[in-house]
Asker: 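Would you mind keeping the following structure in view while I ask a few things?
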Protein chains: 2
Amino acid sequence: MFSIGELSKRAKVKIPTIRYYEEVGLLAAPERTEGNQRRYDASGLERLSFIKHARDLGFSIEAISQLIELQGHPDRSCQVAKEIVVSQLSNVRAKIKRLRALEKELVRISKGCDGEGVSEECYVLASLADHLLCRYEH
Amino acid sequence: MFSIGELSKRAKVKIPTIRYYEEVGLLAAPERTEGNQRRYDASGLERLSFIKHARDLGFSIEAISQLIELQGHPDRSCQVAKEIVVSQLSNVRAKIKRLRALEKELVRISKGCDGEGVSEECYVLASLADHLLCRYEH
DNA sequence: TCTTGAGCCTCTAGTGACTAGAGGCATTAC
DNA sequence: GTAATGCCTCTAGTCACTAGAGGCTCAAGA
């Protein structure tokens, strides 16, 4: 049995975040000491590690809830899990696509300005003022 | 002179968002009719288009504030503008890098599960539970 | 056993950039 | 004149936390 601070260190998740996960129902409320402090065991650490790993991969709290729900029913089909991962993958790919377009445009804009001129003639400011100067869709 | 609804249509920015920009000081408070409704002119539209364009490129409100401030001083050096763009570019690149790592890992995880098994043996759930199964840094 | 200091508790409010909704007044077109 | 549409302010909600205040608990050393 260990304290929330200990759990925090082991799972590398900040204390307020742990309490937040408990509040929103991701993490089961653990036992308490007589003085009302939380005490966790190995299963708490395991669950929190699962959550952290999924968050690191960009899954939403909602998606993680569904995955945890599924974990609790070992006999259920894992189709939902597969769907969640696939949908997260397409989220990630969409974001990458958009960011690559932004990258291109930002490179182009920054090349137009050496930072040595004066605001009035600045290509950066002109580019932002006028979308028509853009070369790529974004 | 046109109403906020008209401005919204022309700049393709939602009405509450326009009011929000005014509230945080990005957009100057426009004239009002006797009945207290906002009335904009061409310069309002220009400014809002600038803001929208910068937001579409992922600049923060704070960064846009600085850019607008600079616009108001045509004689000032545009070094700050250049810096803002370069820093935004490195933000974008960092995000892309991270997302590409996630993409790889998600592809790998999703390949391990055909969605036809049972939750207990699901590779998706196992992967999330155990970071050691990961092949790529993320 | 007592004390000290680190650790824990709850609660509220703040972050960024909006978005939604309620309740009510203004404008415009017919 | 009236009806429909549009606009006003204000509050609260979104997501996933983060920060801080004020106060209680625990564990280790004297």
Side-chain angles (χ1 to χ4, degrees), chain A residues 1-27 29-41 44 47-48 50-68 84 87-88 91-92 95 98 102, chain B residues 1-27 29-41 44 47-48 50-68 84 87-88 91-92 95 98 102:
Chain A
M1 302 296 277
F2 39 87
S3 71
I4 196 170
E6 188 59 29
L7 180 66
S8 166
K9 262 181 226 152
R10 294 203 203 180
K12 284 166 195 154
V13 173
K14 287 179 189 158
I15 291 174
T17 305
I18 296 173
R19 290 198 273 247
Y20 169 74
Y21 288 157
E22 182 182 324
E23 195 191 320
V24 299
L26 265 197
L27 208 51
E31 284 177 51
R32 301 268 183 148
T33 62
E34 280 189 14
N36 200 33
Q37 298 194 357
R38 291 167 179 84
R39 285 297 175 270
Y40 297 89
D41 58 12
R47 165 70 52 94
L48 182 57
F50 181 96
I51 295 169
K52 173 164 170 56
H53 193 187
R55 284 293 302 134
D56 285 348
L57 284 165
F59 290 92
S60 70
I61 296 285
E62 170 61 22
I64 297 172
S65 273
Q66 289 179 263
L67 291 171
I68 285 177
I84 290 173
S87 130
Q88 174 61 11
N91 284 348
V92 165
K95 277 186 195 155
R98 174 164 164 71
L102 298 191
Chain B
M1 302 297 275
F2 39 88
S3 69
I4 197 170
E6 188 59 29
L7 180 66
S8 165
K9 261 181 225 151
R10 295 203 203 178
K12 284 168 195 153
V13 173
K14 286 179 191 159
I15 291 174
T17 304
I18 296 174
R19 290 199 274 247
Y20 169 74
Y21 288 158
E22 182 182 325
E23 195 191 320
V24 298
L26 266 197
L27 209 50
E31 285 178 49
R32 301 269 182 147
T33 63
E34 282 189 13
N36 200 33
Q37 297 195 357
R38 292 167 178 84
R39 286 296 176 269
Y40 297 90
D41 59 12
R47 164 70 52 93
L48 182 57
F50 181 96
I51 296 168
K52 173 167 167 55
H53 193 187
R55 285 292 302 133
D56 285 349
L57 284 165
F59 290 91
S60 69
I61 297 284
E62 170 61 22
I64 297 171
S65 274
Q66 290 180 260
L67 291 170
I68 285 176
I84 291 173
S87 128
Q88 174 61 11
N91 283 348
V92 165
K95 276 186 195 155
R98 173 163 166 73
L102 297 190

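Values reported hereafter were calculated over all heavy atoms of this structure, with side chains retained and with hydrogens, waters and symmetry mates removed. Chain A is the first sequence line, chain B the second, and so forth, proteins listed ahead of strands; every chain is numbered from 1.
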Asker: Start with the C-alpha distance between Glu23(B) and Arg19(B), add both sets of side-chain angles, then the distance that settles salt bridge (charged side-chain N to carboxylate O under 4.0 Å, His left out), and finish with yes or no.
Answerer: CA-CA 6 Å; Glu23(B) 195 191 320; Arg19(B) 290 199 274 247; over 6 Å; no
Asker: When you check the gap from the basic side-chain N to the acidic O, do Glu31(B) and Arg38(B) get nearer than 4.0 Å?
Answerer: no
Asker: Round to the nearest Å and state the distance from Glu23(A) atom CD to dT12(C) atom C1'.
Answerer: 12 Å
Asker: Using a cut-off of 4.0 Å between protein heavy atoms and nucleotide atoms, how would you tag nucleotides 13-28 of chain C 5' to 3' with B, S and -?
Answerer: ----BBB------SS-
Asker: Between Arg38(B) and dC8(D), does any side-chain N or O lie under 4.0 Å from OP1 or OP2?
Answerer: yes
Asker: Can you check whether Ser3(B)'s main-chain N or O pairs, donor with acceptor, with Gln37(B)'s side chain at less than 3.5 Å?
Answerer: no
Asker: Tell me: CZ of Phe2(A) to C1' of dC8(C), nearest whole Å?
Answerer: 16 Å
Asker: Could you state the OH-P distance from Tyr40(A) to dC8(C), rounded to the nearest angstrom?
Answerer: 10 Å
Asker: Counting only side-chain nitrogens and oxygens, does Arg32(B) get under 4.0 Å of the OP1 or OP2 atom of dT9(D)?
Answerer: yes
Asker: Without swapping roles, check the side chain of Arg55(A) against the backbone of Phe59(A) for a donor-acceptor pair under 3.5 Å.
Answerer: yes
Asker: From CD of Glu6(A) over to P of dA6(C), roughly how many Å is that when rounded to an integer?
Answerer: 17 Å
Asker: Does any N or O in the side chain of Gln88(B) come within less than 3.5 Å of the main-chain N or O of Leu57(B), such that one atom is a donor and the other an acceptor?
Answerer: yes
Asker: Report yes if at least one side-chain N or O of Ser3(B) is closer than 4.0 Å to OP1 or OP2 of dG6(D); otherwise report no.
Answerer: no
Asker: Write down the atom of Leu48(B), the atom of Ala11(B), and the distance for their closest heavy-atom approach.
Answerer: CD2-CB, 3.5 Å
Asker: If I take atom CD1 in residue Ile4(B) and atom C1' in nucleotide dT5(D), what distance separates them, rounded to the nearest angstrom?
Answerer: 15 Å
